[in-house]
Student: 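Encoded as C-alpha cells, here's the structure I'll be asking about.
Letters go in sequence order (proteins before strands), and every chain restarts at 1.
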Amino acid sequence: MTIVKPGSVVFENVRKSFGSFTAIPDLSLTIEPGTLVTLLGPSGCGKTTTLRMLAGLEHPTSGRILIGGKDVTMLPANARDVSMVFQSYALFPHMTALDNVAYGLESSGLSRRQARAKADDGLKLVGLAGMGERLPAELSGGQQQRVAVARALVLEPQVLLLDEPLSNLDARLRRKVRTDIRELQQRLGFTAVYVTHDQDEALAVSDRIIVMKDGEISQSGTPRQLYEAPASPFIADFMGEANVVACEVVATEGEQTIVRVGGLEHRLQGRNAKPGAAKLAIRPGAITLDADNGTGIKGRVLHSAYLGDHIEYEVETDVGPLFIVDHAVDRGFSPDADVTLGLKNRGVALITA
Amino acid sequence: MMNGNRRLDIVLALGAAALTLVPWYRIEGGFFGFGWLADFPSGAQTAPGLLQIFTHGRTWLVGVLLLFAVGCLARGMCHPMRRGLVLAAAGGLGLLFLAAQGLAIGFAGWTWTISEALFGTLSDGQPSMGAGAALMAQVFVLLFAFGLAERGAMKGDAFIVGAISTLVFLVAVFVFYPIGSMFIGAVQDFDGSFNPTDFVRNLQDPGIWSLGCVLGAEVCGVAWRTLFLAIMTALGSTLLGLAFALVATRTRFPFKKGLRLLTVLPIITPPFVIGLALTLLFGRAGVVTEALSSLFGVEPGRWLYGMTGIWIAQVLSFTPISFLVLIGVVEGVSPSMEEASQTLRADRWRTFRRVSLPLMKPGLANAFLIGFIESMADFGNPLVLGGSHGVLSTEIFFAVVGSQNDPARAAVLAIVLLCFTLSAFLAQRFWLSGKNFATVTGKGDSGAHLALPRGLSIGVHAVVIPWMVFTLVVYGMILVGGFVKTWGLDNSLTLDHYARAFSVGFDNGGIAWTGVAWNSFWTTMEIALISAPLTAIVGLLTAYIIVRQKFAGRNVFEFALMMSFAIPGTVIGVSYIMAFNLPPVEMTGSALILVACFVFRNMPVGVRGGIAAMSQLDKSLDEASLTLRAGSFRTIRKVILPLLRPAINAALVYSFVRAITSISAVIFLVSAEYNMATSYIVGLVENGEYGVAIAYSSMLIVVMITVITGFQLLVGERRLRRENRVAGLSQTSPISVRQEKTA
C-alpha cells in the first residue's frame with residue numbers, strides 16, 4: 001500500500017464556539033506533508049476539538065481549514081480525504097474485522113470484491129493476516145486497535161488522524177504499538193495528526209509537537225526544542241516534570257548565560273537573555289545533592305521515597321520546595337537532614353516568557 | 001455540490017410530476033382504485049394542478065406554480081449560500097401558501113368571511129387536496145430542507161435536515177392540526193365566524209362540573225367522577241403493582257416466572273375484554289351472581305355497572321403495567337444501600353422503611369401518574385360497564401355518535417379530558433425528572449437484596465396471591481366464555497360462537513369466508529401490517545434524530561412528540577373526525593385515516609425504545625462511519641439499523657399489536673368498508689351477543705400471542721457475540737417498551 005500524496009494541513013484563524021462557550025478562540029497552524037505532528041495538552045485544551053474539525057465532525061464557527069491546499073471548511077466528514085482512528089476504536093461490533101476494514105472502501109464506491117481484497121492487504125499491513133473473519137469482540141485490545149488503524153489507512157487518506165489511539169491499551173502494549181504506528185507512518189510517508197495528553201507518547205512518536213492550552217497554541221516545535229527550551233513554565237512542567245524557580249540573569253558571555261539562583265551561580269548554554277529577573281526550569285534529575293558543606297543552594301529534606309532505581313526527595317530551600325530525583329540510591333538522606341544542592345549542565349533551561 | 005444538484009433535480013422532477021401527472025384534488029373512489037385514469041387528465045375532478053389553473057378556473061393555484069418555479073430557477077444559481085436562501089424561501093413560502101389556500105377555499109368558495117370581504121366572492125370552490133397537492137407539499141418541505149442544508153444547517157447534511165423537516169411537517173399535520181382544529185371548531189359557528197356561546201354553555205354545564213354528590217344530591221359532574229375514578233384506579237394499581245414487584249424480587253415466592261408473564265397480558269388484551277369477563281362473572285346473569293343467589297338468596301344486583309365495576313376492571317387492567325414499572329424501580333435500589341443500612345445496625349423493617357421505600361418513591365409517583373393517565377384515557381371498560389353514569393371518554397363518544405350529536409359538547413369534554421391528562425403528563429415530566437434514585441450503573445453491583453420484613457412479606461403475599469388467582473379466573477372466563485351457549489341461562493358447551501364468527505366454506509373450488517368476523521379481521525390485519533413498519537420507521541428515525549443530532553428546538557420537538565402520549569385516544573378520534581372530514585384534508589372513511597392514527601399514536605413508543613437503544617450505542621461508531629466516507633443514510637443503514645435490530649423488532653411487534661387491540665380512537669374512525677375487529681366486537685357487545693364477542697376476543701389474543709412468540713424466536717436467532725454493549729441490547733424484549741402504554 002502506498003500513500004499517493006501526503007497532504008498538508010492549514011488552519012487559518014479558526015474559531016469554534018459551542019453556544020456561549022468558546023473552545024478555540026483563534027487558531028492558526030500549518031502541518032507539513034509527510035510529518036507526524038502531535039497535538040498535546042491537558043484535557044479540555046481544545047486538541048480533540050481541533051482534530052474533530054479537521055475530520056469534519058465539527059465545523060468551525062469562523063475561519064478556514066485547508067487539506068492538501070484545498071478549502072474543506074464546509075465539507076462534511078464523508079467528503080474529506082482524511083480518516084481517523086478513534087480513541088474507543090469505534091469498530092462496528094456486528095461486522096467482522098475484514099468487513100470493518102472494507103467498510104470505508106465500499107463507501108468510496110469500490111466493488112465488494114475489490115474492497116475485500118484491499119482490506120485483506122490492510123490487515124496484512126498491520127500484522128493481522130488471517131484474522132479477518134473474527135468479530136471485534138473476539139480480538140484482543142491491541143488487535144482491535146490495529147484493525148482500527150488498518151481501517152483508516154486502507155483509504156489512503158491525505159491525512160491520518162489519531163485520537164488518543166493508545167489510551168485503551170495497557171502500559172506495556174502502549175510502547176510497542178506507538179513504535180509500530182511511527183514505523184508505519186515513516187514507511188508509508190503519510191501525514192498524521194496525533195492527539196494525546198501523554199507527553200512521553202508525544203516525545204516518542206512526533207516530528208513536531210504542538211502544545212495547546214485553553215484553545216491556543218502554547219508552543220510548537222520538535223520534541224527536543226520543547227523539552228530543552230520550554231517557552232513557559234507551563235510547557236516546562238507539562239513536558240516532563242520541572243521545578244520552576246525564580247532566578248536572576250547576571251550576564252551573558254558569548255554563547256553562555258550566567259544566572260544566579262538561591263546563592264548559586266550557574267552557566268547555561270545559548271540564549272541572549274536580558275539581565276534581570278527570570279525563571280529557571282530545573283528537571284528533577286538535574287539537581288545534585290550533597291551533605292551540608294561547600295557552596296550551593298542550602299536546603300532541608302522534607303520527605304524521601306525509595307523507588308528502586310532512584311530516590312525521590314522533596315527539599316525545602318530558599319527558592320521554594322524542590323522535587324529531586326537522585327539515582328545514587330546507596331546514599332540516602334533522611335528527613336530533616338540539611339543538604340546542599342547543585343545544578344548539572346543538562347536539564348536546566350531559562351524561561352524568558 | 002454535484003450531489004446537491006442530483007437530489008435537487010430529483011425533487012424538482014417530483015414537483016413537476018405533482019403538477020402534471022397526478023390528479024391535484026382528492027378522488028372520490030380512492031387514488032389507489034385508479035378509476036381516475038379513465039378521464040385523466042381532462043376531467044374537472046381528475047385534472048392535474050397545471051390544468052386546474054388554466055382550464056378549470058382554480059386560478060389561486062398559480063401561487064403554488066410560481067413558488068415552485070422560483071425553486072426551479074434557483075437550481076441554476078452558483079453561490080451556495082444565496083441559492084440555499086432562495087430554495088429555503090421558495091419551499092417555506094410554498095408550503096405556507098399551499099396550507100393557506102387549502103384552508104381558505106373550501107367546496108363552495110371562501111371559508112373565511114374576511115377573505116371574501118378582501119378579495120370578493122369566488123365563483124367556484126375546490127375539493128380536498130389529493131395526490132398532487134400532497135406530493136407538492138412534500139416537495140416544498142424538501143426544497144426548504146435542501147435550502148437549509150446548502151446554507152450549512154446540520155453540517156450540510158441534506159438527509160438529516162430533510163428528515164427533520166418531514167417529521168415536523170407530519171407531526172404538525174397529524175397531531176397538532178387536528179387538536180388545533182378541535183379547539184377552533186369548539187368556538188366557531190357553522191359559517192366559520194367566532195362564536196363562543198356553545199363553548200361557554202357547555203363549559204358551564206352542571207353535568208360536567210356539578211359537585212352534587214358532595215352536597216347531598218345524587219351524582220357529581222362527569223369531570224369529577226372521572227377524576228375520582230382515575231385517582232382511585234391509580235392508587236389501587238400502584239399499591240398492587242408494588243406488592244407484586246416486592247413479591248417478585250424480595251421473597252422466595254415459587255411462581256416468579258408466572259408473575260412476570262402477567263406483564264405480557266395487557267399488551268395482548270383488547271381493553272374492553274376485562275370488563276366483558278367481569279360481566280360474565282358478576283353481571284346480573286354472571287356465574288358468581290347466580291351462585292350467590294341460589295346459595296344464599298342474595299338478590300342479583302346491578303352494582304357492577306357503574307364506578308365500582310369500572311374501577312375493578314381498570315385495576316385489573318393496569319396493575320400489570322404498574323408492576324412492570326415498579327419491578328425496575330424495586331430492582332434498581334442498589335443492594336449495597338441496604339447492606340450499608342444493615343451494617344449501621346438497622347433491622348430489616350427499619351431498612352425497608354427508611355432506606356428502600358424512600359428510594360422507590362419517585363418510581364411510585366411515576367407508576368401512580370401512569371395509572372392516572374391510563375384510567376383517564378380508558379374507553380373500553382367504561383363503555384362495557386359504564387351503565388348510565390359514564391366517564392369523560394365515553395361521554396365524548398356519545399356526544400358524537402349518540403342521539404345528541406353535539407360536536408361542541410364533544411370538543412369541550414375532550415378539552416377537559418386533555419387538560420387532566422396533560423397536567424399529569426407535565427407533572428410526571430417536570431416534577432419527577434431528575435428525581436430518580438434507581439441506580440442501575442454499568443458497574444457490577446454485588447450483594448443481594450434484603451428479604452422483606454416478616455410482617456410485610458405475609459402482607460404482600462396475602463394481597464398478591466388472591467389477586468393473581470382473580471386475574472387467572474378472569475382470563476379463564478375469556479377463554480371459556482366463547483364455548484358456552486348463553487351465560488346464565490344455558491351453560492352447555494358449544495362451538496356455535498366460533499362457527500358464527502369464523503366459519504369457512506368451500507364454494508366453487510374457492511374458499512368462502514362465511515363467518516361474520518372475517519371481514520373486520522382481515523381489515524384489522526391489513527391495517528396493522530401497513531401501519532406497523534411505518535410506525536417503526538417514523539419512530540426510530542425520530543429517535544435517531546433526537547439522540548444523535550443537535551439542532552435548535554430539539555427539546556421542544558421531543559417534548560411535543562412525547563406529549564402526544566398523553567392525548568387520550570378518544571380525544572384523538574374526535575379531533576380526527578373534526579379535522580379530516582372537510583377540505584383541505586379529507587380522509588374520514590378511508591383506510592388512510594386509520595393508518596395515520598395508528599402511526600402517530602404509537603410512534604412515541606418506538607421513539608422511546610429507539611432512544612433507549614440508541615443511547616447505548618457509542619456515538620463514535622457513527623463518527624467512524626462518517627470519516628470512512630459513508631453518508632448519514634448509509635451510516636443508518638449499515639451501522640445503526642443492524643445494531644438496533646432488537647429495538648426495531650420491539651417497535652414492530654408493539655405497533656402491530658396495538659393496532660389490533662386499540663379501540664378508543666378507532667371507534668370514531670371506522671367505516672362500513674373499513675371496520676376494525678375491536679369496534680366490531682364492541683358492536684357485538686352492544687347487541688348483547690356476548691358469546692361471539694368473547695370468542696372473537698380470545699381469537700385475537702391467540703393471534704397476538706402467536707405473533708409475539710414468532711418475533712421473539714426471530715430475535716433469538718441473532719448471532720451472539722461477546723461485546724457487552726450489544727449483549728445488553730439483545731436482551732431488550734418487546735415487552736420492555738411497553739411501559740408507556742396509554743389506551
Student: Examine whether an atom of A/F92 lies under 4.5 Å from a heavy atom of chain B, and if so say whether it belongs to the side chain, the backbone or both; otherwise answer neither.
Tutor: both
Student: Specify the closest pair of heavy atoms between B/G631 and A/N78, including all atoms of both residues, with the distance to one decimal.
Tutor: CA-ND2, 3.0 Å
Student: Out of curiosity, B/L628 CG to A/S108 OG, how far, rounded to the nearest 0.5 Å?
Tutor: 8.0 Å
Student: A quick test of your reading: do over 12 heavy atoms of other residues, nucleotides or ligands sit less than 6.0 Å from NE2 of A/H59?
Tutor: yes
Student: For B/V639 and A/Y103, which heavy atoms make the closest approach, and how far apart are they?
Tutor: CG2-OH, 3.6 Å
Student: Can you establish whether the number of heavy atoms outside A/F18 located under 6.0 Å from its atom CZ is more than 12?
Tutor: yes
Student: Is there a side-chain contact between B/T627 and A/P157, using heavy atoms and a 4.5 Å cut-off?
Tutor: no
Student: Report yes if some heavy atom in the side chain of B/L621 is under 4.5 Å from a heavy atom in the side chain of A/F86; otherwise report no.
Tutor: no
Student: Report the distance from atom CD of B/E623 to atom OG of A/S88, rounding to the nearest 0.5 Å.
Tutor: 9.0 Å
Student: Mark yes when over 12 heavy atoms from residues, nucleotides or ligands other than B/R82 sit less than 6.0 Å from its CZ; otherwise mark no.
Tutor: no
Student: Do A/M74 and B/E150 have side chains that get closer than 4.5 Å, going by heavy atoms?
Tutor: no
Student: Which answer fits B/K638, side chain, backbone, both or neither, if we ask what part of it has an atom under 4.5 Å from a heavy atom of chain A?
Tutor: both
Student: Mark yes when over 12 heavy atoms from residues, nucleotides or ligands other than B/K619 sit less than 6.0 Å from its NZ; otherwise mark no.
Tutor: yes
Student: Would you check, one step at a time, whether the test salt bridge (charged side-chain N to carboxylate O under 4.0 Å, His left out) holds for B/R629 with A/D81?
Tutor: CA-CA 9 Å; B/R629 317 270 199 273; A/D81 197 7; 3.1 Å; yes
Student: So for A/R52, is it side chain, backbone, both, or neither that comes closer than 4.5 Å to the heavy atoms of chain B?
Tutor: side chain
Student: Under a 4.5 Å cut-off applied to non-hydrogen side-chain atoms, are B/L626 and A/P76 in contact?
Tutor: no
Student: With a 4.5 angstrom heavy-atom cut-off, could you sort out which part of A/Q87 is near chain B: side chain, backbone, both or neither?
Tutor: neither
